[in-house]
Each structure stands twice: as structure tokens, then as C-alpha cells.
K.L.:
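Just dropping this structure here.
Both ligands and their constituent atoms are indexed starting at 1 by order of listing. These values consider heavy atoms only, across backbone and side chains, with no hydrogens, waters or symmetry-generated copies.
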Amino acid sequence: MNDEPGKTDIEEEHFRNLVETLPNLLWICQLDGTCDYSSPQWSEYTGLPESEISGFGWLEHVHPEDRQRASDIWKTASETSTSLVMKFRIRSSDGDYRWFKTRAVLQTDQREQLQKWYASATDIQEMSETQAALQELNQELESRMAAAVAEVKESHADLEDLTWQLKEAQSLANLGSWGLDVETGKVTWSEELFRSFGLDPNTDEPLNLEQQAEVFEAESWKSLNQAITHALETGEGYRLELQFSLPDSSPRWILASGECRLNPNREIVGLHGTAQDITQLKLTQLQLEHNSERMRLATEAARIGIWDFNIESGQLVWDDMMHDLYGTEPETFSGTFQDWASSIHPEDLEPTQSAFQQCLAQEATFESTFRIVKGDGTVKYLGGLAMIHRRQDGSAERAVGVNWDLTEQKQAEFSLRASEHLLRDFVRYAPVAIAMLDSNMRYLQASERWLTEYNLEGQEIIGRCFYQVSPQIPEHWKEIHQRVLAGSTESCDEECLPQRDGANEWLQWEARPWKNAHGRVGGLILYTRFITNRKRMELQLRSQKDDLERSNRDLEQFAYAASHDLQEPLRAVSGCAQILQSRYKDKLDSGADELIQHVVEGASRMQTLILDLLAFSRVGRIGASFTTFRVDKAIDEALLFLDSSIRENQAQVSFEPLTDVTVTGDFALLRQLFQNLVGNAIKYRSSKPPRIQIAVHRDDQEWVFSVQDNGIGIKSEHFTRIFGLFQRLHSRTEHPGTGIGLALCEKIINSHGGRIWVSSEPGHGSIFYFTLPVPNGDHLDDVQKIY
Ligand code: ADP
């Protein structure tokens, strides 16, 4: 190694030269920062000898503000054995500080075998300044940029503002704008236009010309199409009112205007324009037209004539209806006040004229009713109403008015008055006590009978309160009156009114509301009738009826007792007479035989009579036993009783199959009824063999039976009589009988709640009818099977 000592020295030399040529400040320190070596650049920069730098001298030249930080970084790096980079300021020989960037690396010193710092500081003052200037510039730029951005933003906001305002204005005015590019055929619409067409500007496309053709009304589309064609040909704009329909078919109107858009060569490149939605306006206009048409129709229908009188010039204008009302011709009408005056009824001219003059002087409206005389002499009533127009100073300028025909109304009024008069007279002279009162119970009218019956003659009661006029009325009548005024009708057939003298008066009354023209209760009408006499007679009649019934019952009782008690002695008489006849026939003289024969016959007749009487008086006396049974059973049994008579007379009795007809009653009595009727039909036969028919039909809740024969018949004057007791139309020799049979039938039927009658014609037979109630639960459906 020592062979080449010169080489190390040379290398050191080179190194030193190299270090000293570097612009950097270089130094070597121990771990704690003690400087062992500083390059000549240090002395050069600081203007101090190397000795001042070594040790910790270099730290003295670091800017006081950076010193502590530099020393701390150094210390930390020493402790962690890491290299360091830091910036701090170092004082120069002229006392100014400059920025240096220091890098220090830990290396082992070959010679001393110690770890040392090898540090180099590069002057970055200029770079720092440039950097600061750049930073400043940057800041400036940034602030300018920000200002520019703010400005752009502001103007953008202004633009947005303007667009919004435009949209608002368009929306407020319902005004939309549109454009059409001729070359591309593209249509553009403003938002408002979308809305006018019921479309959504955010989702829908503007309608192209084909779609518009669909939407517009035929006429509108035609004129729009012509206008567009004309504009494109001539460059002239247009303005049109167009109608179209919304998707929901409601009509819309727009006022559309179009202008041509020209390029710099003044060639037409498109169309643009506005479209204002005038639907509301149009609808209002249509409504107005409709209203005025309605008004016209109304005045025409109501036959209202309109006139206009210029007070200053004296010019009078009439519409057609006025001429129609007055029967004048527009051609001969001179338009003066005199035209009107000459038509007025002479009696009404002066009052109407002076009323009009008074109105001119003071009031605003003029109302009147007057008569006119038409050319043909007919008189009409007219109603008139007029408004006076005045100048600012209050003087009358113009009068405009209407006339209408009141003739029918007047006539109705007259006839109403006449009928009122008639009604008043009618009430007044009605032969009943009747009074008409208003809702406050004040008398409106009363009949003369009312006045006499209530001792009000000579008193002026009209307008006075009912309760003042008659304070003695029963208290409960007031409640009745209130109910009637509330709308109900009340009546009483007999009300007893005890009198002061203890006697009773009987009154029949009725109170009913009367209604006014509005259909509301206007008051009440009272009708009363004293029925004391009738009531007395009724009471008398009732007592007489009771007496009669009592005596009838006694008589029936007597008849029953008599016929019952007579049977026994009569049987004895009859028996004895028969014995007498059989024992002494032809043993006495012929006169005695005849007398005995008379006794036998008389006793037999008397027995029949007594049996019949007994049967008659039994009906209703002995409690009937009612059951429900098939009626044909009763008929069958009756025919069985009549069997020998039927045979003898070769009679035929037929009846419908009555199996479904049931009745509720006393079987024995109804059997007796059929027996009597069929028996009579055979007994009162003609020369022809008897033909008897029993039938029945239903009439609502009744069975109507009929027993028809082909016998001798009955004259109509006897139809009622034959049902009387002991009433006969024939002598005993012609037809035997007691005259009780039909009376018994009637009594039986009455006791069953039915009726009996006959219809007949002499020589043509008779039909005896009787009714019986249909038992409950017997249905029509069942009965109809019979027919
Ligand atoms: P009577 O048969 O016992 O005389 P009725 O009371 O049964 O009594 O009849 C009263 C009268 O009615 C009879 O006398 C007769 O003249 C008349 N009469 C009753 N039934 C018939 C009949 N079917 N045809 C004609 N006359 C009749």
C-alpha cells in the first residue's frame, strides 16, 4: 500500500479541487454536529475564517428563526442514523440571509473509523424567490380564474333568470312560440305551446305537420295550411284564429301568428311565430253570444218590446216586438213621442204621461201599467218599465224601456176578482154555518147562517180574532185549531156542548186548512152544524128500536111457545078427527062425512103451519152450531128429503160438482134452505116436467148460489113481498102452503151474514140467488177448478 503513497495524496488533491469548485457549502461534522471540516466556500460566503465555522460555529450563521428547527432535525437524524434533507437560511458576509437546501449523509471516516456527517448546502435563494413569484402568480391566476368563473356563473344565472322570466311571461300570457325549419321540416315548440296542446314539454315531442292535421278542426287546418303555403311562397306573415281538440276531446283555440325567417341572402329558410291560447277568451265569448241569444229568445218568448227615447231630440226608436205589441208598422212609424201617445187609451194617457214626467224630474226608473187601443179597436193592457239615463249635471238625456203584454194577466186578475166575489157570496149565502179564518184566527168570511147560529148578527166580525168574538168556546178547540193550521183536517160527527141551563147542545163540525197561492196553509175553514134535534130523534129512534126488538123477541118467544104448546092439543084433535072419520065414514049422513073431512084437513094444515112456525121461530133463537162443510153434502141430504116429490113430478135436479165449495154455517139450517128452494121449484112447476139447476160462483169474498127452475115464474112486483111471513101468491087450492118457506130462507141466510133475492119472469121460470161468505182459507184458486 505504501508503494503508492503519492496516489492517495493525488486523489485527495483532486477531491479537494473538485470540492472547492462546487458552488455548494460543504462540511463534515461529528455525530453531535461539531464541525471538523468546512469547505472554503463557507468562508467565502460567510466572510469568516474556517476556524469560526468549525465546532458549532456554523450554527451561529443559521438564521435565528431556523436555528432550533435545524438543530432538532440534526439531532433526530443523528439518533436514528438516517440521512437528512432540510432547508434553512445562512447569513452571508454582507449580513443578508439566503436559503440553502442541506443534505447530510452519515458515513464512516476511513481514517478515524468514526461515523461522521457529510453535509452539503445548496443555495436555493433564487429558486425560492422564483418559486415564491410563481406562487404569487399562481394565486393571482387562481383569483382571476375564480372571478371569471363567478362572472360566468353570474351571467349564466342572468340568462337562466331571463329564460325563466320568458317562460313565465309565456305561461302568463298563454303564449307559446314555435319554429319550422324548411329544409329539415323540424318543428320546435316552446314549453307553453306544449301545454296549450295538452302535452308534456319534458316527455312529448312537438307535433309535426301531419300530426297537426289530425288535431286541428278541418276548417282551421285548411286555413293554416293555406297561410303557411302562402307565407313560404311570398314571405308574408299571417295571423289566424285556430281551433283544435285536446286528447280528451275538449275544444281549444289559439291565436297563431307566423313570420318567415330569412338567411343573409334573404332566402326563406324557415317560419317562426307565436301561438296564444285564447280558449278562455273564446269560451267567454261563446258564453256571451249564448247569453245574448238567450236574452233575445227570452225577450222574444216573453214578448218584451224595447224602446229608446232621446229626450233632447225627441227621437223614439222601437224594436220589432214593440210594433208587434202596438199593432203598428215600422214603415209608418215616424219615431216621435206622438206615435206612442196616439196608441194609448184616452183614460190612461194623461196619468201615464204625468207619471213619466215626474220620473224624468226625480227618479231613475219608471214603472207603469196602461191600456192601448190597437188599430182594430181591441184594447190591450201593457206593462212598462224604463230607466232614465242622466248627464253628469243630473239632467235626463235618454230613456230606455220595455213594454210587455199584460192583457191575459189582467183578464185573469179580473176573473179572479169575480170568482172571489162569487166565492164570498157563495159562503155568505151558503145554507150552512161556515167561516173562513186566517192563520192568526182572524175572520175573513162567514156565512149568514154562521152569524145567526152564533148570535153574531149586526156585529162586524171580519178582521177580528175568533177567540175574541167567541171567548166561551171549549178550551180544547184551540188545540184543534193549531193542528189544523199545521195542515191536518179535523172533524167530529157529534160533540156534546153542555149549556149553562144544564141542557146539552149537539154539534157536528169540521175544520180543514186552506192553502194560499204558495201552497202554504193560509188559515182554516170551519163548518159547524147544530144537530141537537137530529140527535134527539136518533135517541128516540134508538129507544123505539130497542122497544121493537124487545117486543119482537117476546113475539118470537110467544110464537115458539104457542106453536110448541099447540102441537099437543092439535095432535089430539087431529087424531080424534081421523078416528071419527075411519069409524063413522058412511055411517052418518053425507054432510057429516064432509064436515069430518074438513076437520081432518084443517087439523093437518094446522100441524104443517105450526111445524113451519116452529122452524121459523127456532132460527136465531136456538144458538146455531156453525161448522165448515162441503155444500154438496147439504144439497144431497135436502134432495133425499124431497125424494118422493121429485119422483112424483119427474123432476130433474142438477148441480155442478160442488166438491170444492165449502161453507161455514149451521148444516141443518142450510139443508133446510135448499130443501125449501128446491121444494118450491117443484111445487110451482109449469106443465113441463120440472128442471132445476143449482149453481155457484165466487164474487170476491162471497159465494153466490143460484137455484133455477122452469116453473110458473113470479111477477117482478112480488119479488120483495114473497120473502115476508105468510105471504103467498096463490090460493091454497091452487098450491098448498103456509107462506113461511121463503121467510124462513131469508132468516137463515141473514143469520149466516148473506143476502137472498129472486129474479124471474112469469112463464119463464125463476132464479133464487143467495150469498154466503167464503170461509177463511178457502182460496180462489181452489174454487176456480169448479168452472
Ligand atoms: P109457500 O110456498 O108456502 O106458499 P113460500 O114462502 O115458500 O110459501 O113462498 C111464497 C110464495 O112465493 C109462494 O106462495 C109462491 O107464490 C111464490 N113462490 C115461491 N117459490 C116459487 C117458485 N119457485 N116459482 C114461483 N113462485 C114461487
Side-chain angles (χ1 to χ4, degrees), residues 556 559 563 566 570 601-620 634-635 638-639 641-655 668-696 704-752 754-771:
E556 268 177 21
S563 47
L566 275 175
L570 192 60
E601 279 177 14
S604 157
R605 272 208 311 280
M606 203 155 181
Q607 271 182 320
T608 317
L609 184 65
I610 284 170
L611 281 177
D612 283 356
L613 256 181
L614 201 60
F616 181 83
S617 57
R618 263 196 193 119
V619 178
I635 300 172
L639 297 184
F641 276 90
L642 293 168
D643 191 48
S644 59
S645 171
I646 292 172
R647 281 172 203 276
E648 273 167 35
N649 288 283
Q650 295 175 333
Q652 277 184 16
V653 184
S654 63
F655 53 92
L669 291 180
L670 291 177
R671 193 254 301 135
Q672 180 74 56
L673 172 88
F674 282 108
Q675 196 178 323
N676 285 6
L677 292 176
V678 176
N680 276 355
I682 297 171
K683 185 160 59 169
Y684 299 104
R685 58 169 287 182
S686 64
S687 52
K688 289 178 261 171
R691 295 284 174 266
I692 301 147
Q693 209 173 346
I694 305 173
V696 63
V704 181
F705 288 88
S706 60
V707 179
Q708 183 171 15
D709 62 47
N710 60 344
I712 55 172
I714 307 160
K715 284 187 189 162
S716 61
E717 64 255 41
H718 302 310
F719 284 177
T720 315
R721 208 189 115 198
I722 53 172
F723 292 99
L725 198 58
F726 307 125
Q727 297 299 324
R728 310 203 63 232
L729 302 181
H730 305 277
S731 70
R732 220 175 39 243
T733 43
E734 277 178 290
H735 299 283
T738 58
I740 298 175
L742 287 180
L744 179 64
C745 288
E746 189 174 49
K747 205 169 178 192
I748 291 170
I749 284 300
N750 287 349
S751 70
H752 281 76
R755 294 163 287 129
I756 185 165
W757 70 98
V758 66
S759 123
S760 176
E761 212 182 303
H764 290 94
S766 314
I767 310 173
F768 281 85
Y769 296 97
F770 62 91
T771 64

K.L.:
Report yes or no: do Asn750 and Glu746 form a side-chain donor-acceptor pair below 3.5 Å?
P.N.:
no
K.L.:
Please tabulate, one pair per line, all N/O donor-acceptor pairs under 3.5 Å involving side-chain atoms of residues 715-722, not counting sequence neighbours.
P.N.:
residue: Arg721; atom: NE; partner: Gln727; partner atom: OE1; Å: 3.0
residue: Arg721; atom: NH2; partner: Arg728; partner atom: O; Å: 3.0

K.L.:
Taking non-hydrogen atoms within less than 4.0 Å of ligand 1, which protein residues qualify?
P.N.:
Asn680, Ala681, Lys683, Tyr684, Asp709, Ile712, Gly713, Ile714, Ile722, Gln727, Arg728, Leu729, His730, Gly737, Thr738, Gly739, Ile740, Gly741, Leu742, Ser766, Phe768
K.L.:
Would you be so kind as to tabulate the donor-acceptor pairs closer than 3.5 Å made by side chains of residues 607-615, with sequence neighbours excluded?
P.N.:
residue: Thr608; atom: OG1; partner: Ser604; partner atom: O; Å: 2.8
residue: Asp612; atom: OD2; partner: Thr738; partner atom: OG1; Å: 2.8

K.L.:
How about Phe655 and Val678: do any of their side-chain heavy atoms sit closer than 4.5 Å?
P.N.:
no
K.L.:
Quick one: side-chain contact (heavy atoms from CB on, under 4.5 Å) partners of Glu734, sequence neighbours excluded?
P.N.:
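For Glu734, the residues satisfying side-chain contact (heavy atoms from CB on, under 4.5 Å) (neighbours in sequence not counted) are His730, Ser731.
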K.L.:
Less than 4.5 Å apart, side chain to side chain, heavy atoms only: is that true for Leu670 and His752?
P.N.:
yes
